[in-house]
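Written out below as structure tokens is the structure these notes cover.
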Amino acid sequence: MKSVGNVFILGDSYSTFKGYIPEGYATYYGDQEREGIDVYSVDETWWMQVINRASGNLVMNCSWSGTTIGNHGWNNEDYKDISFIGRVSKLIAEGYFEKKRVDTFFLFGGTNDCWCGAPLGEKKTAEWSNQDLYFAIPAIYYLAHLLKQELKGIRVIGIINTRLKQPIKEALIDAFSLNEIEYVELEDIEKAGGHPNKKGMEQIAEQVLAII
């Protein structure tokens, strides 16, 4: 199996664990008991399983529970500062990826864009306006383009969740393909309350490892 090397993760609740994300970021795993969620150790998360089994090292887990790829968040809130686009754009502007060596970048999102009420919008592959990024589909294409342009020499792997709205799923697949980003389309993930339990984490890890 190929080593994933230094790993960066851009994600939502599925990729969180208390103590392993930046201070102030909302977590889902590791902070409290949740019905049906039997993930008690960071080693049981999908990403730590991948890192441990593929000889990797976590550089940063930039995951924030409840966040969207685009800037339209839950309850019609403006997520421009905490969205996937907002978080990674800030790091790029700060020169993070020039200062830190990152070998593998995992992008695992789109779930909250499906369910928070964000307008879908239509496919757009260039010349995005700020307003475009409040629509889920244009935002997906923008993020994929941004990563391709800015993360030179870094292996970017997209992870596509199960049970997504079809337009979101199709946009992720198309945006990844257009920007030559590898991706894995997850299948049959065991969940409780919409989130992977211990078995689900193992299933995600196995499917991600299969393309590494």
Side-chain angles (χ1 to χ4, degrees), residues 4-18 20-29 42 45-51 54 56-73 79-114 116 118 133 136 138-161 164 168-169 171-173 175-176 179-186 195-196 201 204-205 208 211-212:
V4 291
N6 285 348
V7 171
F8 183 100
I9 302 162
L10 182 62
D12 52 28
S13 58
Y14 279 47
S15 304
T16 60
F17 199 88
K18 186 178 181 180
Y20 288 82
I21 56 177
E23 186 175 352
Y25 282 30
T27 192
Y28 186 86
Y29 292 94
V42 70
T45 62
W46 72 265
W47 47 273
M48 193 60 85
Q49 291 183 62
V50 169
I51 287 170
N57 172 63
L58 180 65
V59 174
M60 182 176 183
N61 185 345
C62 187
S63 297
W64 190 317
S65 183
T67 54
T68 45
I69 289 176
N71 293 337
H72 185 290
Y79 274 21
K80 69 178 184 298
D81 294 326
I82 67 171
S83 68
F84 282 45
I85 289 171
R87 300 199 306 276
V88 79
S89 294
K90 184 174 185 240
L91 290 172
I92 289 169
E94 292 171 350
Y96 179 88
F97 296 98
E98 297 166 3
K99 299 170 188 172
K100 297 279 189 179
R101 178 187 162 192
V102 174
D103 300 300
T104 306
F105 183 111
F106 289 109
L107 167 60
F108 192 179
T111 302
N112 290 301
D113 299 83
C114 285
C116 76
L133 303 184
I140 287 168
Y141 282 94
Y142 174 81
L143 179 59
H145 173 81
L146 179 67
L147 298 183
K148 181 184 179 182
Q149 293 300 307
E150 299 293 338
L151 305 187
K152 303 296 187 185
I154 299 174
R155 185 182 187 187
V156 181
I157 299 175
I159 304 171
I160 300 174
N161 198 8
L164 297 182
I168 297 284
K169 177 180 174 180
L172 286 165
I173 291 171
F176 290 152
N179 291 282
E180 301 174 329
I181 292 174
E182 297 175 74
Y183 66 89
V184 55
E185 188 179 342
L186 299 177
H195 291 78
M201 288 291 190
I204 294 171
V208 172
I211 74 163
I212 291 170

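Residues: numbered from 1 along the sequence shown.
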Trace of the side chain to side chain contact (heavy atoms under 4.5 Å, CB included) decision for Trp46 with Leu186: CA-CA 12 Å; Trp46 72 265; Leu186 299 177; over 6 Å; no
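- In this structure, CZ on Phe176 lies 8.5 Å from CG on Leu147, to the nearest 0.5 angstrom.
- Using a 4.5 Å cut-off on side-chain heavy atoms (C-beta onward), Lys148 and Val156 make no contact.
- Between the side chain of Asn161 and the backbone N or O of Gly110 there is no donor-acceptor pair closer than 3.5 Å.
- Side-chain N or O atoms of Thr45 include one that pairs as donor or acceptor with a backbone N or O of Val42 at under 3.5 Å.
- The shortest side-chain heavy-atom distance between Tyr142 and Ile85 falls under the 4.5 Å cut-off.
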* To do: Give the C-alpha distance, both sets of side-chain angles, the deciding distance and a yes or no for side chain to side chain contact (heavy atoms under 4.5 Å, CB included) between Val59 and Phe97.
  => CA-CA 11 Å; Val59 174; Phe97 296 98; over 6 Å; no
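- The closest side-chain heavy-atom distance from Lys169 to Cys114 is not below 4.5 Å.
- The two atoms that bring Gly70 and Ala139 nearest to each other are CA-CB, 3.5 Å, heavy atoms only.
- The backbone N or O of Gly11 lies less than 3.5 Å from a partner atom in the side chain of Ser63, making a donor-acceptor pair.
- Taking the six-membered ring for Trp and the full ring otherwise, Phe17 and Tyr29 have centroids separated by 6.0 Å or more.
- The shortest distance between side-chain heavy atoms of Gln49 and Val208 does not fall below 4.5 Å.
- Counting heavy atoms from C-beta outward, Val4 and Asp103 have side chains that stay 4.5 Å or more apart.
- Here the straight-line distance linking atom CD of Glu182 with atom CZ of Phe105 works out to 14.0 Å at 0.5 Å rounding.
- For Glu150, there are no salt bridge (charged side-chain N to carboxylate O under 4.0 Å, His left out) partners at least two apart in sequence or on another chain.
- Residues His72 and Ala118 share a closest heavy-atom pair of ND1-CA, 3.4 Å.
- Here Ile51 contributes atom CD1 and Leu58 contributes atom CG; the two are 4.5 Å apart, rounded to the nearest 0.5 Å.
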Point to revise | Criterion side chain to side chain contact (heavy atoms under 4.5 Å, CB included) on Ser89 and Leu146, from CA distance to verdict | key: CA-CA 8 Å; Ser89 294; Leu146 179 67; 3.7 Å; yes
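- In this structure, Tyr20 OH and Thr27 OG1 are separated by 11.5 Å, a value rounded to the nearest 0.5 Å.
- Remark: side-chain polar atoms of Asn61 are paired, donor with acceptor, to backbone N or O of Ser15 under 3.5 angstrom.
- Electrostatic pairing of Lys99 and Glu94 does not count as a salt bridge here, judged by no charged N lying under 4.0 Å from a carboxylate O.
- Ala144 and Asn179 get closest at one heavy-atom pair: CB-ND2, 3.5 Å.
- Without hydrogens or angle criteria, Asn6 side chain to Arg101 main chain gives a donor-acceptor distance under 3.5 Å.
- At a cut-off of 3.5 Å, with distance as the only test, no side-chain donor of Asn112 or Thr68 sits close to an acceptor on the other residue.
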message = For Phe84 and Leu107: C-alpha separation, side-chain torsions, deciding distance, then whether side chain to side chain contact (heavy atoms under 4.5 Å, CB included) applies.
response = CA-CA 9 Å; Phe84 282 45; Leu107 167 60; 3.6 Å; yes
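- In this structure the side chain of Phe8 never reaches within 4.5 angstrom of the side chain of Ile154, judged on heavy atoms.
- Across all their heavy atoms, Ala26 and Thr16 have their closest contact at O-CG2, 3.7 Å.
- Here the straight-line distance linking atom CD1 of Ile159 with atom CG of Leu172 works out to 11.5 Å at 0.5 Å rounding.
- A 4.5 Å side-chain heavy-atom check between Phe108 and Ile9 finds every atom pair outside the cut-off.
- Contact record, Ile21 with Tyr25: CD1-O, 3.6 Å, taken as the closest heavy-atom pair.
- Looking at every heavy atom in both residues, Met60 comes nearest to Tyr96 through CB-OH, 3.3 Å.
- Atom OH in Tyr183 sits 10.0 Å away from atom CD1 in Ile211 (nearest 0.5 Å).
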